[in-house]
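Here's the structure we're looking at; comments come further down.
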Amino acid sequence: MEHRAEARIDSAAIAANISTLKSKSGVELLAVVKADAYGHGLIETGLVAEKSGADWLGVALLEEAIALRTHGVRIPILAWLLPPGSDYRAAHKHDIDVAVASIAVFNEISALKSQVRVHIEVDTGMTRGGFLDEWDEFLHLDFSQVDVVGIFSHFARADEPAEKQNSEQLTRFKKMVADLAAIGINPPIKHLSNSAATLKNQESVFDLVRTGIAMYGLSPDVKTLGSSNELSLKPAMQLRAKLHLVKKVSAGQPVGYGASAVTQKNTKLGIVAMGYADGIPRIAQGAGVFHGGKRAPIIGRVSMDQFVVDLGADSQAMSGDWVTVFGGGAHGEYTADDWATASQTINYEIVTRIGPRVPRIYAPHVY
Ligand SMILES: *Cc1c(COP(=O)(O)O)cnc(C)c1O
């Protein structure tokens with residue numbers, strides 16, 4: 001069946017990004033594939049990452065980890081968002097490492113007496129996951145029934161390398177590692193860096209880096225860290241859609257719900273077969289699509305299944321043509337960063353929210 005839209009995922013770009021990031025850090029790399037691999041497809045991306053030299057895979061949910069295992073992933077997998085009551089026995093059975101951030105979870109895992117592999121998550125200042133108030137009490141527990149292989153934390157502001165919160169978190173991390181060492185627990189794998197820290201904070205590398213967004217070829221923050229291109233990263237996703245209709249309209253025509261825009265002159269409009277149900281932000285203004293070597297900006301509001309672009313009076317576009325919604329940017333097309341700016345959000349959200357109606361095609365980009 002011919003699609004009306006597709007996300008083309010370039011596995012070679014993911015492989016190149018992994019190799020760039022590995023040579024940058026010089027340590028093991030955990031490829032973060034949570035949230036359907038930031039919209040790139042959990043299983044395919046996990047397998048591509050494994051084949052391309054990732055040493056670990058990281059996910060939020062246990063079910064994501066189990067899906068990777070049952071599809072043949074063999075490298076270590078860490079899952080870090082398991083509330084009390086999770087099926088730790090299943091994690092153990094599938095050889096999945098789990099994060100522990102509370103005494104409640106630690107006790108459940110200990111009670112299994114199965115030497116489940118755990119990574120202790122510590123809160124060093126982001127004030128989200130990880131041990132904070134329970135830390136001193138935690139240090140007095142019996143660790144004999146678990147296999148402590150890791151300790152880790154997460155940066156809140158790694159995309160702003162000059163912020164002093166980064167060095168404060170690093171100091172706090174070292175302190176918590178020392179607290180554990182003082183009770184005789186020395187986890188071999190200490191990890192703190194996300195993509196931004198991997199790119200800009202060599203001091204925080206430790207034994208493993210956890211890279212998500214950069215592995216997909218996107219900059220953690222274009223303003224503070226530079227663009228994909230400046231960071232030698234290759235955007236892996238190209239989003240394409242069909243024009244289901246191209247029509248001539250005259251000047252002064254209101255376009256779309258709420259008539260929020262009006263044509264300024266006689267022009268051709270293209271109706272793109274994708275909308276907010278597919279993850280195109282409804283508020284997007286200032287992005288658009290790329291067709292025939294030219295950008296065509298959005299006009300009016302994005303609808304559920306479609307949005308309208310102004311192709312210009314001279315456009316050769318025809319109903320049924322493909323357009324690029326975003327891509328790597330090298331040809332002049334809009335990027336995920338352009339869409340993020342146009343939608344008052346970050347590139348993470350743009351790629352991650354591309355919906356399940358859009359098939360992922362593992363193939364090179366086309367223009
Ligand atoms: C999502 C996540 C990462 C990856 O962050 P990026 O900025 O995409 O590299 C790393 N570690 C943890 C704990 C995460 O939740």
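All of these numbers come straight from a predicted model, not from anything done at the bench. First listed ligand is number 1; within each ligand, the first listed atom is number 1. The first residue in the sequence is number 1, and the count goes up from there.
For the pair Arg210 and Phe152, the cation-pi criterion (under 6.0 Å, within 45° of the ring axis) is not fulfilled.
Considering backbone and side-chain atoms alike, Ala196 places every N or O at 3.5 Å or more from each N or O of ligand 1. Residue-to-ligand polar distances place Tyr348 within reach of ligand 1: an N/O pair is separated by less than 3.5 Å.
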Distance-only check: which donor-acceptor pairs under 3.5 Å involve side-chain atoms of residues 81-89, not counting sequence neighbours?
from: Ser86; atom 1: OG; to: Pro83; atom 2: O; distance (Å): 2.6
from: Asp87; atom 1: OD1; to: Arg89; atom 2: N; distance (Å): 3.4
from: Asp87; atom 1: OD1; to: Ala90; atom 2: N; distance (Å): 3.1
from: Tyr88; atom 1: OH; to: Leu82; atom 2: O; distance (Å): 3.0
from: Tyr88; atom 1: OH; to: Pro83; atom 2: O; distance (Å): 3.1

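With respect to atom 11 (N) of ligand 1, the closest heavy atom belonging to the protein is Arg210 NE, 2.8 Å.
Shown in contact with Gly212 at under 4.0 Å from a heavy atom are these atoms of ligand 1, numbered in order with element: 4 (C), 6 (P), 8 (O), 9 (O). Heavy-atom proximity to Tyr38, at under 4.0 Å, picks out these atoms of ligand 1: 1 (C), 4 (C), 5 (O), 6 (P), 8 (O).
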Intermediate values then yes/no, side-chain hydrogen bond (donor to acceptor under 3.5 Å, both in side chains), Asn17 and Thr20: CA-CA 5 Å; Asn17 296 330; Thr20 300; 5.2 Å; no
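Heavy atoms of Ile213 found under 4.0 angstrom from ligand 1 belong to the backbone as well as the side chain.
Nearest to atom 6 (P) of ligand 1 by heavy-atom distance, out of Ser195, Ala60, Ala197, is Ser195.
Salt bridge annotation for Lys22-Asp55: present, with a cationic side-chain nitrogen under 4.0 angstrom from a carboxylate oxygen.
The backbone N or O of His244 sits nowhere less than 3.5 Å from a side-chain atom of Gln306 that would complete a donor-acceptor pair.
Using a non-hydrogen distance threshold of 4.0 Å, Lys34 registers as a contact of ligand 1.
By the ring pair (Phe, Tyr, Trp, His ring centres under 6.0 Å) test, His119 pairs with Trp56, His191, sequence neighbours left out.
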